[in-house]
Amino acid sequence: MEKIDLIMKNFIAELGYEPANAMFVRINSGKKLRSKLLLKIAGESEQSLKICAIIELIHLASLLHDDVIDDADTRRGSPSINASFGTKNAVMLGDILYSKGFYELSKFPHEIAGEISGAVSKLSVGEMMDVDLSAKFNEDKSAYETMIYYKTAVLIEAAAAVGAMLAGLDARNFKIYGKNLGLAFQIIDDILDVTQDAATLGKPNFSDFKEGKTTLPYIYLYESLNEADKEKLKSLFKKDLSEAERGWVRAKMNETGAIKKSIEAAKNLGEQAIKSVEKFNVDGLESIVKSMIDREF
């Protein structure tokens, strides 16, 4: 992963603008799930490492824009770029990462460039879907699933597909793997926002609901409540919840099995992911699924 970080750093340094470098080095590059997945499938080479760096630049750009949209003060336990350098700089740095990523992507064969750029177009649509769904309490599970596919899973799907292309394997099977892994990953993220504390998450818990995100646990909870409790849950939407209100939500989620159902949904997607590529015997793909589901942050 250090090699990928160095390539990314060099990509930005090539632009020759020190303020961009200063902001970029303050970004926590995170778990690099997409890169780990691609390298598991394709192996390490100059080509695969550069593609990983491009995908990570694009992913980081989307997170910068996410933080601006959500007015987030922290990202992975550290001050967000918008909190440290201002909203305008965060948006422009995101644009720099996107554009540099696409410039480097243009040097690769059409099949690879097309797979990643197509995913990024969907990712941007997913950002808009997320904003639209945040306007009011969302009861529609299919709308939630479509949004998290576009916003989160498409870039993981593309990383898996490109890894398969580099390895000479059937990209269609690996796209199924990547899609299901991405969906499971986001569902677990949404569960952890409810179940974990702020110190573990590196950000305030219950922040999703405060920001207007009706995630799968809340949708399952809503489906199971009586009319009075449904109205109470909706009254808490977009609020900065008190400890008593957080306790009520957690208790109701445990009582109705909403958390358990959400975990089962993620596990089912993980099983589908593993099944889609088991015939290829690529070492480590099952462990990636399990590590993304059985985690605390």
Side-chain angles (χ1 to χ4, degrees), residues 27 30-31 33-34 55-76 80-83 87 90-91 93-95 97-98 101 116-159 178-194 201-223 233-234 236-241 249 258 262 265-266 269 292 297:
I27 301 175
K31 301 180 184 75
L33 167 62
R34 295 146 193 84
I55 289 173
E56 296 299 335
L57 279 183
I58 290 167
H59 175 58
L60 291 177
S62 74
L63 296 183
L64 287 171
H65 289 174
D66 251 2
D67 286 346
V68 169
I69 292 166
D70 296 337
D71 292 320
D73 294 325
T74 59
R75 165 67 63 178
R76 296 173 181 139
S80 61
I81 295 299
N82 48 298
T87 296
V91 170
L93 180 61
D95 292 345
L97 303 193
Y98 269 131
I116 296 173
S117 60
V120 179
S121 297
K122 288 181 179 177
L123 188 159
S124 301
V125 171
E127 294 279 4
M128 291 190 71
M129 287 179 176
D130 191 21
V131 172
D132 186 50
L133 286 177
S134 297
K136 62 181 181 179
F137 187 94
N138 172 50
E139 307 166 25
D140 187 347
K141 185 153 65 76
S142 65
Y144 162 82
E145 289 170 346
T146 301
M147 184 273 291
I148 66 168
Y149 167 58
Y150 274 65
K151 188 180 175 186
T152 301
V154 287
L155 200 54
I156 298 173
E157 179 183 58
K179 176 181 179 179
N180 287 313
L181 173 63
L183 293 172
F185 177 83
Q186 186 58 58
I187 290 170
I188 294 297
D189 252 18
D190 294 343
I191 293 167
L192 294 176
D193 182 73
V194 178
L201 294 172
K203 64 173 185 175
N205 58 6
F206 284 83
S207 60
D208 287 344
F209 205 50
K210 181 183 175 182
E211 291 163 5
K213 302 178 194 300
T214 318
T215 58
L216 190 60
Y218 293 98
I219 294 171
Y220 279 145
L221 173 59
Y222 185 81
E223 291 174 348
L233 180 64
K234 289 171 81 170
L236 301 178
F237 185 59
K238 289 191 175 184
K239 275 188 64 178
D240 192 358
L241 302 185
V249 172
S262 299
L269 288 163
M292 285 304 104
F297 63 94

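When a residue number appears, it is its place in the shown sequence, counting from 1.
The cationic atom of Lys239 (NZ for Lys, CZ for Arg) does not lie both less than 6.0 Å from the six-membered ring centre of Phe209 and within 45° of the ring axis.
Distance check, rounded to the nearest 0.5 Å: CG of Asp71 to OG of Ser207 gives 12.5 Å.
For Ile219 against Glu139, the heavy-atom pair with the smallest separation is CG2-O, 3.8 Å. Shortest non-hydrogen contact noted between Ala159 and Arg34 is CB-O, 3.7 Å. Here the closest non-hydrogen pair linking Ile187 and Ala266 is CG2-CB, 4.0 Å.
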Working for side-chain contact (heavy atoms from CB on, under 4.5 Å), residues Leu183 and Thr152: CA-CA 7 Å; Leu183 293 172; Thr152 301; over 6 Å; no
From CA spacing to verdict: side-chain contact (heavy atoms from CB on, under 4.5 Å), Ser262, Ile191: CA-CA 7 Å; Ser262 299; Ile191 293 167; 3.5 Å; yes
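In this view, Phe137 and Tyr222, Phe237 satisfy the ring pair (Phe, Tyr, Trp, His ring centres under 6.0 Å) rule, not counting sequence neighbours. Not counting sequence neighbours, Phe185 has no partner by the ring pair (Phe, Tyr, Trp, His ring centres under 6.0 Å) test.
Proximity of a side-chain donor or acceptor of Asp70 to a complementary backbone N or O of Ala72 within less than 3.5 Å is not detected. Distance alone, capped at 3.5 Å, is enough to place a donor-acceptor pair between the Ser62 side chain and the His59 backbone.
Neither side chain, Tyr150 nor Glu127, offers a donor N or O lying under 3.5 Å from an acceptor on the other.
When side chains are defined from C-beta on, Asp66 counts as touching Arg75, because their heavy atoms get closer than 4.5 Å. Within the 4.5 Å cutoff, the side chain of Val91 has heavy atoms near those of the His65 side chain. In this structure the side chain of Asp67 never reaches within 4.5 angstrom of the side chain of Asp73, judged on heavy atoms. Side-chain contact between Ile58 and Leu97 is absent, with no heavy atoms from C-beta onward closer than 4.5 Å. A 4.5 Å side-chain heavy-atom check between Met129 and Lys151 finds every atom pair outside the cut-off. The shortest distance between side-chain heavy atoms of Leu133 and Thr214 does not fall below 4.5 Å. Looking only at side-chain heavy atoms (C-beta outward), Asp190 and Tyr144 come within less than 4.5 Å of each other. The shortest distance between side-chain heavy atoms of Asn205 and Val194 does not fall below 4.5 Å.
Tested against Ile81, the residues Thr87, Leu60, Ile27 include a single side-chain contact (heavy atoms from CB on, under 4.5 Å) partner, Ile27.
Remark: Lys31 does not engage Glu56 in a salt bridge, criterion side-chain N to carboxylate O under 4.0 Å. Classification of Lys213 and Asp193 as a salt-bridged pair fails, no side-chain N sitting under 4.0 Å from a carboxylate O.
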